[in-house]
Amino acid sequence: MAAPSMGGVSLPRGNGQTVRLPRGASLTDLAERIGAEPAALVTALFHLGEMITATQSVNDETLQLLGAEIGWNIQVVSPEDEDRELLETFDLTFGDEEGDEDDWSTRPPVVTVMGHVDHGKTKLLDAIRNANVVAREAGGITQHIGAYQIVSELEGEERPITFIDTPGHESFTAMRARGAKVTDIVVLVVAADDGVMPQTVEALNHAQAAEVPIVVAVNKIDKEGANPAKIRQQLTEYGLVAEEYGGDTMFVDVSATTRQGIDDLLAAILLTADASLDLRANTEQDPQGVVIEGKLDKGRGPVATVLVQRGTLRQGDSIVAGDAYGRVRSLLDEHGNKLKEALPARPVQVVGLTSVPRAGDTFLVVEEDRVARQIADRRQARIRNAQNASMRKRISLEDLDAALKENRQLNLIIKGDNSGTVEALEEALMKIEVSDDVSLRVIHRGVGSITKSDIDLALADDVIVLGFNVRAEGQATELANREGIDVRYYSVIYQAIDEIEAALKGMLKPEYEEVQLGTAEVREVFRVPRIGNVAGSLVRSGTIVRNSKARLIRDGAVVADNLTVESLRRFKDDATEVREGYECGIGLGSFNDIKVDDVIETFEMREIPRT
């Protein structure tokens, strides 16, 4: 049965049938599913006001709009479902526990440290693991996720605890959210001298959404003005009631500087884990887990920090992590020591991947390298299509002419020291809102130093290259300098955001406003040979400035606009400006229709600064 003709094109009517499509699918993909000609769908969309080619990635809204028009219910598959379906084609699953009870064993709790920026999260971890991370962070802000395991003691028994340190800057919301999803317990750090802040509430919301127990570390109790009781009272409003107030949340007063209360905090974490959680995992099933961080190491190539969630990861395993794959060449702990295997809840660095996975990607071990490569290739294609669909700005017929006349777009290449930072920076930049007249497009992002190929790409598309904690290589630097490519280096994320926002504002067409300078009343008109009529005037308000714009007003109506004060004299002397209360002679160039009692109003057009 055919649908009604749309511009002479007949399409198969779906009668409400459901079609499942991946993100970023093209009209050709849809045509194959419903038995239609791609050209017919292109024409149908054209009549709906959208210009899209048959092979172009299409965003979700446009697909659903087209589906509703031709009678098909189009469902865009979520990334999770898409990945699940992909794994099922290889008889693989992710996240399902299996195996005999004998294969299960107790695992350490995974703890995520969250809180407001500058409340001392990283210093607290320093105190716990006796390492100095803050000194290596620009501006004292943690800008990527780190994972570490320490050993504590409870009731005479040694107990390992895995910590995930999440960034505190507001632009890293997505990374903090991922931290909450892989964690068992959240330690919410609140400064005793500062109180509950916006990011404290944000971190709390992530933890509550993940339905994980929370332990509150009231930090900086050694500082003047510290008020731990106030923190307990404030957090009561958000549903965290301290045990001493009859609630079930453990609050621990700590000082990262003096190490006061650190042992109590570790004990609180273990007690909360024992009371609220059944922390066991199957050590014998195929290893699975989550990528905490990825970076490009000069000596070792792509290195991924992963958290094993089930199974035992071993050297030599064939692994696929997101759209990266490879064979585990070596496993390293947080101190760089080699490990033979990694049990559940153990964070390890994996060396041997072909590319750098993104923070938050899942990993799993498969039987053959060939299967790992096929899964990675399909994931790459899926991610690329989704990015193309989200990146492409829709152009309707109404604004096609304007788009063709002028395309104000800032193109960027982002390179960083690790994948989580690159992703967070891109997300923060894409949220910048300046105007509908300008757009931002990230044409390439990657981990590692800025290479010659990055500069070549920048040459082709008029691109600004951003390096975050990375520098350009020798040939790349020479090429960029020779060709005038703008390469900018940053070590703190909000500096990059501020400069890119300023650049976007600079691309906007300038807006001007009229600013009145002064008014003068014509008292007498003089005829000057070779010059014309000159208005003998009294400045009534403001200042009359030579070469300023002017208009002539007669009986309250504008007689002439867009005039210029071409000559200005005080008696026999030329003047640059004449202030209120003084007399002067004003010449308006070739305009001579000046009469007594006319008002000359002067003004200038000033550019409005973008806010």
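It should be emphasised that the depicted structure is a prediction, and the values quoted were computed from it without experimental measurement. Scope of the values below: all heavy atoms of this structure, side chains included, with no hydrogens, waters or symmetry mates.
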From [X] atom [atom1] to [Y] atom [atom2], the distance as rounded to the nearest 0.5 Å:
X: F163; Y: I150; atom1: CZ; atom2: CD1; answer: 5.0 Å
X: L466; Y: L429; atom1: CG; atom2: CG; answer: 6.5 Å
X: L313; Y: I319; atom1: CG; atom2: CD1; answer: 5.5 Å
X: I221; Y: D253; atom1: CD1; atom2: CG; answer: 5.0 Å
X: I497; Y: L425; atom1: CD1; atom2: CG; answer: 6.5 Å

Using 4.0 Å as the upper bound for N to carboxylate O, is an ion pair formed by [Y] and [X]?
X: K295; Y: D417; value: no
X: D317; Y: R327; value: no
X: R346; Y: E334; value: yes
X: K431; Y: E427; value: yes
X: K220; Y: D222; value: no
X: K123; Y: D126; value: no
X: E604; Y: R606; value: yes

Side chain to side chain, [X] and [Y], heavy atoms closer than 4.5 Å:
X: M430; Y: V442; answer: yes
X: L204; Y: L240; answer: yes
X: I450; Y: E473; answer: no
X: V308; Y: L343; answer: no
X: Q149; Y: P160; answer: yes
X: L235; Y: V216; answer: yes
X: R300; Y: Q349; answer: yes
X: F468; Y: V422; answer: no

Quick check: closest heavy atoms across [X] and [Y], and the distance to 0.1 Å?
X: L265; Y: V252; answer: N-CG1, 3.7 Å
X: G448; Y: L296; answer: CA-CD2, 3.8 Å
X: I375; Y: V320; answer: CG2-CG2, 4.0 Å
X: N219; Y: A256; answer: OD1-N, 3.1 Å
X: L332; Y: K338; answer: CD2-CG, 3.6 Å
X: A342; Y: L331; answer: N-CD1, 4.2 Å

Stepwise salt bridge (Lys or Arg N to Asp or Glu O under 4.0 Å) test for K452 and D456: CA-CA 6 Å; K452 184 175 178 292; D456 289 336; 3.5 Å; yes
Under 3.5 Å, side chain of [X] to main-chain N/O of [Y], donor-acceptor pair present?
X: R445; Y: I414; value: no
X: D29; Y: S26; value: yes
X: D454; Y: T451; value: yes
X: D297; Y: G301; value: no
X: Q309; Y: P344; value: no
X: E513; Y: M605; value: no
X: T421; Y: G416; value: no
X: S491; Y: N469; value: no
X: E341; Y: T312; value: no

For D498, all residues meeting salt bridge (Lys or Arg N to Asp or Glu O under 4.0 Å), sequence neighbours excluded: none
Residues in salt bridge (Lys or Arg N to Asp or Glu O under 4.0 Å) contact with R259, at least two apart in sequence or another chain: none
Side chain to side chain contact (heavy atoms under 4.5 Å, CB included) assessment of I161 paired with I269: CA-CA 9 Å; I161 304 173; I269 291 169; 4.3 Å; yes
Side chain to side chain contact (heavy atoms under 4.5 Å, CB included) between V196 and Y238, worked out: CA-CA 10 Å; V196 175; Y238 298 96; 4.0 Å; yes
T257-S255 side chain donor-acceptor pair, cut-off 3.5 Å: no
T362 and Q288: side chain donor to acceptor below 3.5 Å: no
Derivation and outcome, side-chain hydrogen bond (donor to acceptor under 3.5 Å, both in side chains), residues E293 and S419: CA-CA 7 Å; E293 191 43 81; S419 58; 3.2 Å; yes
Test log, rule side chain to side chain contact (heavy atoms under 4.5 Å, CB included), inputs Y490 and E499: CA-CA 10 Å; Y490 301 98; E499 287 198 18; 2.7 Å; yes
Full working for salt bridge (Lys or Arg N to Asp or Glu O under 4.0 Å) between D194 and K223: CA-CA 10 Å; D194 200 3; K223 293 191 71 174; over 6 Å; no
All side-chain contact (heavy atoms from CB on, under 4.5 Å) counterparts of N481, not counting sequence neighbours: T477
Worked check of salt bridge (Lys or Arg N to Asp or Glu O under 4.0 Å) between R488 and D486: CA-CA 6 Å; R488 303 187 178 208; D486 190 1; 3.0 Å; yes
